[in-house]
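Counting starts at 1 for both ligands and their atoms, in listed order.
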Amino acid sequence: MSRRSGLDVVVIGAGVVGAATALTLAAAGLRVGIVEAHEPAPWRADAPDLRVYAFAPDSSALLERLRLWHDIRGARTQPYRNMRVWDAAGGGELRFDADAVGREALGHIVEHGLLVDRLWQRVRADARIEVHCPDKLLALEQDETGVSLALQGGARLHARFALGADGAVSRVRDQLGIESDAHDYGQRGVVAYVSTELPHEQTAWQRFLPSGPLAFLPCADGRSSIVWTLSNDEAERVLALPDDGFCRELTRAFDARLGDVLEVSARAAFPLRRQLAKTMLLGRVALVGDAAHAVHPLAGQGVNLGLRDVSALDDSVREALQRGIDPFSPHRMQRWARARYSENAMAAYGFEAINRVFSNDALLPTLLRGHALGIAGRLPPLTRFLWKRAAGV
Ligand SMILES: Cc1cc2nc3c(=O)[nH]c(=O)nc-3n(C[C@H](O)[C@H](O)[C@H](O)COP(=O)(O)OP(=O)(O)OC[C@H]3O[C@@H](n4cnc5c(N)ncnc54)[C@H](O)[C@@H]3O)c2cc1C
């Protein structure tokens with residue numbers, strides 16, 4: 001294979017995870033190429049993005065290291081100080097409070113569009129990053145020294161290593177022939193902004209219903225962003241309801257915990273699937289983010305897991321560069337891939353088990369889960385432990 005373009009790494013796909021990957025590797029001193037299919041739309045403050053994330057502290061720490069978090073936080077984010085999790089069938093409540101874990105906030109609610117916008121402003125300004133956008137990966141070949149990529153626009157790129165960050169329907173994963181362990185939940189996450197009679201109290205709320213979890217996430221403008229897990233048919237039905245009917249059903253589903261739901265924005269729904277690539281590494285190509293693992297959104301960990309792939313890679317690359325050794329040596333990358341696979345698999349199957357136990361109105365699971373939440377809620381060391389796992393701290 002001929003070596004031509006002098007790139008160290010090519011990142012295919014530059015959503016939140018891919019763009020963060022490119023920036024961290026460039027900050028470590030590597031020459032990075034990006035291939036992204038779609039020109040990112042600029043974020044607009046007057047048009048809130050329906051896709052929002054409960055951003056964990058370690059995700060904001062990664063953006064802090066890239067000196068981006070301050071700007072993102074100032075543009076529009078909402079810290080959440082508390083979490084409340086309870087089951088529609090009764091029993092106890094799981095409570096997490098920032099004070100109890102000695103922090104200002106448990107995390108921040110951030111719009112996807114704002115993250116992409118700020119990451120891309122930095123990508124465009126970084127002289128170490130070569131951008132191919134809009135363009136698409138068509139084919140990929142590799143040997144023991146590097147990777148060669150053919151793009152739809154006709155360009156050919158060569159690099160020592162490549163990273164597939166091209167989302168759940170990953171062309172990179174396909175090209176490598178990596179299979180996924182996949183399960184379609186037959187559910188969709190209905191998302192919207194709602195205003196409620198009572199203030200959100202800077203609290204992330206989650207009620208488990210037999211149909212699946214319903215989350216209300218607090219937003220900076222006083223509204224809440226909802227993620228309502230429903231079967232495909234039910235999701236279609238509620239999407240088609242008139243606003244007042246939707247608000248009434250949502251109030252009921254949420255047990256009026258924030259009083260009546262008064263108004264709802266435009267709505268959207270996304271399909272829920274567990275999909276775990278059987279390996280995150282093949283030769284000189286690795287997968288990160290949703291290309292490697294798509295998980296149930298009940299714990300709000302999708303994007304956080306992807307950014308943990310990036311942080312771990314960043315640590316490994318920097319350590320190798322400091323020691324003057326190949327940051328992408330097979331041994332080093334295998335260690336990264338094994339560690340990340342095991343955390344991602346635990347999350348994917350763990351969320352699935354929780355979803356199974358809670359999205360269920362059989363008698364035994366119903367009796368057990370209320371007690372389980374009640375017991376967990378009464379054990380502060382356990383809630384602290386659970387929160388630390390979710391927060392990556
Ligand atoms: C409506 C919606 C709501 C969601 N809500 C939540 C939530 O509340 N909480 C949560 O944790 N997760 C949520 N998710 C999931 C979350 O968005 C993903 O976990 C996260 O975006 C994964 O980031 P990523 O960068 O790995 O992949 P993506 O965001 O999918 O980015 C992949 C990028 O690759 C590009 N691409 C694809 N193919 C190619 C190719 N061949 N060549 C070049 N580029 C390519 C795409 O254009 C895209 O920019 C939601 C998803 C959707 C759709």
Next item on the list: Return the set of residues passing ring pair (Phe, Tyr, Trp, His ring centres under 6.0 Å) with W120 (not counting sequence neighbours), or none when no residue passes.
Entry: none

Margin query: Under a 4.0 Å threshold between the charged nitrogen and the carboxylate oxygen, would D166 count as salt-bridged to R171?
Written below: no

Check: Which of these, V52, V35, V227, has its nearest heavy atom closest to atom 7 (C) of ligand 1?
Finding: V52

Next item on the list: Can you tell me which residue pairs pass the side chain to side chain donor-acceptor pair (under 3.5 Å) test with a partner in residues 8-37, sequence neighbours excluded?
Entry: D8-R31, D8-R160

Notebook entry, point to check: So is R51 polar-close to ligand 1, meaning N/O to N/O under 3.5 Å?
Noted result: yes

Checklist line | Within-cut-off N or O pair, A37 and ligand 1, under 3.5 Å | finding: yes

Notebook entry, point to check: For the side chain of T279 and the backbone of L281, is there at least one donor-acceptor N/O pair under 3.5 Å apart?
Noted result: yes

Check: Can you tell me if N344 and D309 form a side-chain donor-acceptor pair at under 3.5 Å?
Finding: yes

Check: Where's the contact between A291 and ligand 1, heavy-atom distance under 4.0 Å: side chain, backbone, both or neither?
Finding: neither

Checklist line | Main-chain N/O of G167 paired with D290 side-chain donor or acceptor, under 3.5 Å | finding: no

Notebook entry, point to check: N/O of R171 under 3.5 Å from N/O of ligand 1, yes or no?
Noted result: no

Item checked: Sub-6.0 Å ring centroid separation between Y53 and H112 -> yes

Next item on the list: Number the atoms of ligand 1 from 1 as they appear, then name those within less than 4.0 Å of a heavy atom of V16, with their elements.
Entry: 25 (O)

Margin query: L137 versus ligand 1: do any nitrogen or oxygen atoms come within less than 3.5 Å of each other?
Written below: yes

Note to self: Quick test of your reading of the structure: of V191, D290, I12, whose heavy atom lies closest to atom 22 (C) of ligand 1?
What the structure shows: D290

Item checked: Donor-acceptor contact below 3.5 Å, side chain S59 vs main chain F55 -> no

Notebook entry, point to check: At a 4.0 Å threshold, what atoms of ligand 1 neighbour a non-hydrogen atom of V303?
Noted result: 11 (O), 19 (O)

Note to self: For the 3.5 Å polar cut-off, considering only N or O atoms, please tell me whether K136 and ligand 1 meet it.
What the structure shows: no

Next item on the list: Give the numbers and elements of all ligand 1 atoms closer than 4.0 Å to a heavy atom of G167.
Entry: 27 (O), 30 (O), 32 (C)

Checklist line | Subset of ligand 1 atoms that lie under 4.0 Å from at least one heavy atom of H38 | finding: 47 (O)

Check: Is any N or O atom of G302, backbone or side chain, closer than 3.5 Å to an N or O atom of ligand 1?
Finding: yes

Note to self: Please report whether the ring centroid of W228 lies less than 6.0 Å from that of F246.
What the structure shows: yes

Notebook entry, point to check: Taking the minimum heavy-atom distance to atom 36 (N) of ligand 1, which of D135, L287, D166 ranks first?
Noted result: D166

Checklist line | G289: numbered ligand 1 atoms lying under 4.0 Å from its heavy atoms | finding: 26 (O)

Item checked: Contact atoms of ligand 1, heavy-atom distance to A165 under 4.0 Å -> 32 (C), 33 (C), 34 (O)

Note to self: Strictly below 4.0 Å, N to O, side chains only: are D243 and R267 in salt-bridge contact?
What the structure shows: yes

Note to self: With a 3.5 Å distance limit and no angle check, can you tell me whether S170 reaches the backbone of A168 through a side-chain donor-acceptor pair?
What the structure shows: no

Next item on the list: Would you mind listing which atoms of ligand 1 come within a distance below 4.0 Å of any non-hydrogen atom of V17?
Entry: 23 (O), 24 (P), 25 (O), 26 (O)

